[in-house]
Amino acid sequence: MYRHLERRLAQHVREFLRHTYDLDLPKIVIEQPPKVEFGEYALPLAFELAKKLRKAPRKIAEEIVNGLGSIPGFEEMELAGAGYINARLRREELAATLVADERPRAEVPSGKILVEHSSINPNKAAHVGHLRNAILGDTFVRMLKFAGREVDVQNYIDNTGVQVADVVVGFLNIEKKSRAEIEQLARQPRFDYYCWDLYARVSQWYAENKQNVQVRQQALHAIEEGNNDSAAVAEVISVAVLRRHLETMDRLDIEYDFLPRESEILHLHFWDAAFAKLKEGGVLSFETEGKNNGCWVMRRAGTSKSEIAEGAEASAEGAEKGEVAEEDQKVIVRSNGTVGYVGKDIAYHLWKFGLLGRDFGYRRFYRYPNGHDCWMSTAVGALEHPHFGNVSEIYNVIDARQAEAQNTVIEALRALGDNEQADHYTHFSYEMVALTPRCAAELGYQLSDEDKSRPYIEVSGRKGFGVKADDLLDRLIASAKNEVDDRHPQLTDAERTTIATQIAVGAVRYFMLKFTKSSVIAFDFKEALSFEGETGPYAQYAVVRAANIFRKGGFDPQEFGRNAADRVSAGDLAKHLNGEAGNEIWELWLASAKTSYLIDQCVATTEPAYLAKHAFLLAQLFNAFYHRHPILSEADEGRKKFLLATVAVVRRELTRVLAVMGISVPAVM
RNA sequence: GGGCGCGUAGCUCAAACGGAUAGAGCAUCGGAUUUCUAAUCCGACGGUUGCAGGUUCGAUUCCUGCCGCGCCUACCA
């Protein structure tokens, strides 16, 4: 409703400007005043118009205020400061729509959206960096669904790369395990932990002897070719580790619809189809000299043609022929004829948009406890399956280090003339999770003096350096469980574990969402394990308190919410929300009204952190309100109903906001 | 060298297209009617927004230069 009113205001102002000044502004800037006393919306419009109209800002603001007339839902406009126009809502009207939970539906664009996230190499346990990816991705999916969009969630599995080959080498060449033994190990509960350690050992083993590196090459080729022992072992390992990743993510309520695998991209010859298109479209060029002699190359994204043309004389000759300077070349097909990962990625993305002309086979792979099926690609699949791909919009949740590769894929689409698709390709970029030196030391890693002086140290799976996702979750659950055990000894152990798990998930999900995407998270257990202050449990606690009021008062909160419209009168709303005394509580109502508005902002900017901040603000306002106003002991019956309606609205909206962040609310805390 | 990003309180971070007194959490210190449970609340302390210019009625935000830091820049994936 809040965003609906904002649009209504913008519409009125736009029409007024057209009539009065014959001005057509494409965008009416609407801000939020620093304090509720100033109103709910602020327009710095007059400053902008001062130059165009050659009048003082204050004078213009005055004209607008006087000329705008009345707008449904709004009080009269007000002039403030040097030329701000503040708009004030009729508080009781917005409050009434909130009580009744009336939400005007915004028009939803049609077309399916594909969100790709997680994409963890299936050769070792998931770590905190993967957690950030999956939580950002899953939260974004929830936001899109909240906004009414249809979404498919994909988790791309690179099961044929060197990382998997390395672990295969570890099992076969270092540990000298048989296939049967490996299959046995793969059934162990935390097989991914075993691989984590082995992977680190393999890296060391390569460093010890140059010849060992050749073993890796052989393994890699064998895996890509298929139909041999190495390939079979690779399949066992990657599938088992992948299953573990799905289990880990399921602990956080993160689910996927489809797992496309690189092995199928290879075996179903996606690349051949893409290669033909790229050659036909003149996107690739074949090098006949220099270091990339014999390769098919593409211009690296971000290197423009004009710069080359204006650049050094040495490249001027090549530039005239439309060639790409060597340092700007991205090799797509190697001189030995094999395709690199960017090539496969281009093929994959052509498939996503339905431009490839080929499809995967599909098979059911994983069934979640709630009955939802996750499908996986396969060479020859089930006859009956849901349809994936062929979408109109995609978001790839991939960290900022992959920006160049992502842009290269987008450029390939453009070069093929698929601009519509390129425009709807969003690299949802975010910064990595690193460890603080203190955290690294805590984990027992030896640090150089140089590393100790850094603000953070990059995680490295290859070195086995990092915090495993399941370890973090285990620690969070244990810590929460201690607290719950103390506070609620009357509950069964199972009940207490459920609550502790909800709190742990709330803590880790909030932690990963509260930083803006562009901020590197320097991970530290102390901060991540905190349940106080700006944390998920703080917000959960606010909802639990709200629910407690109803429980103690003998009401069912949902029931009360549904009937609140009958219980609290318009007169009471007006009486208690207006004036000096009403400001504080109105702030709480207003914040509660902003759920849809915030989610729109988050989707438009691909920035979930705004919603996390909002959840915290809402919880903070509620906690202050809770402290200041005794409700059940309120003598004035009308006021008591009003306060209960306030609690009902906040409880509902905060629960909703937390749900979009994938955070559930415990029964008690 | 080139590309992308960052630099804000002791620490970790906010501040949507440039806007009203730059805000939170943590830490430190001092408080809260023994209540709808304190995983809470209130207060204090804490800032030349890396430096120097420029644009603007107005700059943490935009532009230029400098300083510092990180990531990317493989015929690895």
Side-chain angles (χ1 to χ4, degrees), chain A residues 27 29 31-35 38 42 44 47 50-51 56-57 80-84 86 121 158 160-165 216 220 262 287 291-295 297 300-303 307 327-328 330-336 338 340-342 344-345 399-405 407 429 431-432 434 436 454-456 458 480 483-484 487-488 503 514-516 518-522 524 526-527 530-535 537-538 540-542 544-553 601-602 604-605 607 609-610 613 616-617 619-620 623-624 626-633 643 647 668-669:
Chain A
K27 196 176 178 188
V29 176
E31 295 169 354
Q32 299 176 27
K35 287 180 178 172
F38 298 164
F47 299 111
K51 215 167 227 177
Y84 275 99
N86 290 341
N121 283 323
D158 178 7
T160 59
V162 287
Q163 290 88 350
V164 173
R216 165 203 255 177
L220 189 57
E262 183 153 292
E287 289 300 302
K291 87 177 164 91
N292 294 332
N293 186 14
C295 300
V297 304
R300 190 185 296 287
T303 61
E307 263 175 50
E327 64 271 21
D328 293 333
K330 178 74 201 167
V331 172
I332 304 298
V333 181
R334 303 180 193 110
S335 55
N336 67 5
T338 58
Y341 86 105
V342 175
K344 291 175 219 166
D345 223 19
D399 78 58
R401 289 170 289 195
Q402 304 265 21
E404 192 178 280
N407 288 332
S429 173
E431 272 294 350
M432 62 184 171
T436 60
R454 291 173 199 265
Y456 51 81
E458 198 172 351
E483 199 64 37
V484 178
R487 292 171 188 236
H488 304 285
I503 292 170
K514 74 177 191 180
F515 301 91
T516 51
S518 62
S519 168
V520 175
I521 297 181
D524 195 316
K526 188 167 168 282
E527 260 190 87
S530 170
F531 296 151
E532 287 165 22
E534 198 195 337
T535 65
Y538 176 94
Q540 289 171 312
Y541 185 60
V544 168
R545 289 178 123 184
N548 284 346
I549 295 174
F550 288 104
R551 207 183 47 212
K552 282 278 165 82
Q601 300 287 318
C602 291
T605 55
E607 180 51 276
Y610 297 143
K613 296 283 172 196
F616 178 60
L617 174 77
Q620 216 176 17
N623 276 330
Y626 175 93
H627 184 258
R628 213 164 298 163
H629 305 280
I631 294 165
L632 296 177
S633 58
L643 292 174
V647 178
V668 295
M669 272 180 87

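The sequence lines fix the lettering, A, B, ..., with proteins before strands; numbering per chain opens at 1.
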Practice item. Would you indicate what I503(A) reaches in the nucleic acid, counting non-hydrogen atoms under 4.0 angstrom: base, sugar-phosphate, or nothing? Key: base
Review point. Contact class for F515(A) vs. all strands (heavy atom < 4.0 Å): base, sugar-phosphate, or nothing?
Key: sugar-phosphate
Practice item. With heavy atoms under 4.0 Å as the rule, sort E527(A) into base, sugar-phosphate or nothing. Key: sugar-phosphate
Practice item. Starting from C1' on G3(B), measure out to CZ on R300(A) and report it in whole angstrom. Key: 10 Å
Review point. Counting any heavy atom closer than 4.0 Å, what does A405(A) reach on the DNA or RNA strands: base, sugar-phosphate only, or nothing?
Key: nothing
Check your understanding: How many Å lie between CZ on F616(A) and P on A39(B), as a whole number?
Key -> 16 Å
Practice item. Report which part of the nucleic acid N623(A) touches: base, sugar-phosphate, or nothing (heavy-atom distance under 4.0 Å, all strands). Key: sugar-phosphate
**Study point:** Whole-Å gap separating P (A38(B)) and CZ (F531(A))
**Key:** 19 Å
Check your understanding: For V29(A), which contact category applies under a 4.0 Å heavy-atom criterion: base, sugar-phosphate, or nothing?
Key -> base
Exercise for review: May I ask you to say what Y538(A) touches in the nucleic acid, namely base, sugar-phosphate or nothing, with a heavy-atom cut-off under 4.0 Å?
Suggested key: sugar-phosphate
Exercise for review: Tell me what V484(A) touches on the nucleic acid: a base, only sugar-phosphate, or nothing, going by heavy atoms under 4.0 Å.
Suggested key: base
Review point. Which is true for R454(A) with a 4.0 Å heavy-atom rule: it touches a base, it touches only sugar-phosphate, or it touches nothing?
Key: sugar-phosphate
Practice item. Tell me what S519(A) touches on the nucleic acid: a base, only sugar-phosphate, or nothing, going by heavy atoms under 4.0 Å. Key: sugar-phosphate
Exercise for review: Please work out if Q540(A) contacts a base, only the sugar-phosphate, or nothing of the nucleic acid, heavy-atom cut-off 4.0 Å.
Suggested key: nothing
Exercise for review: Remember a base hit wins even if backbone is also touched, and classify K344(A) as base, sugar-phosphate or nothing at under 4.0 Å, heavy atoms.
Suggested key: sugar-phosphate
Check your understanding: What distance, rounded to whole Å, do you find between the two P atoms, one in U48(B) and one in G31(B)?
Key -> 30 Å
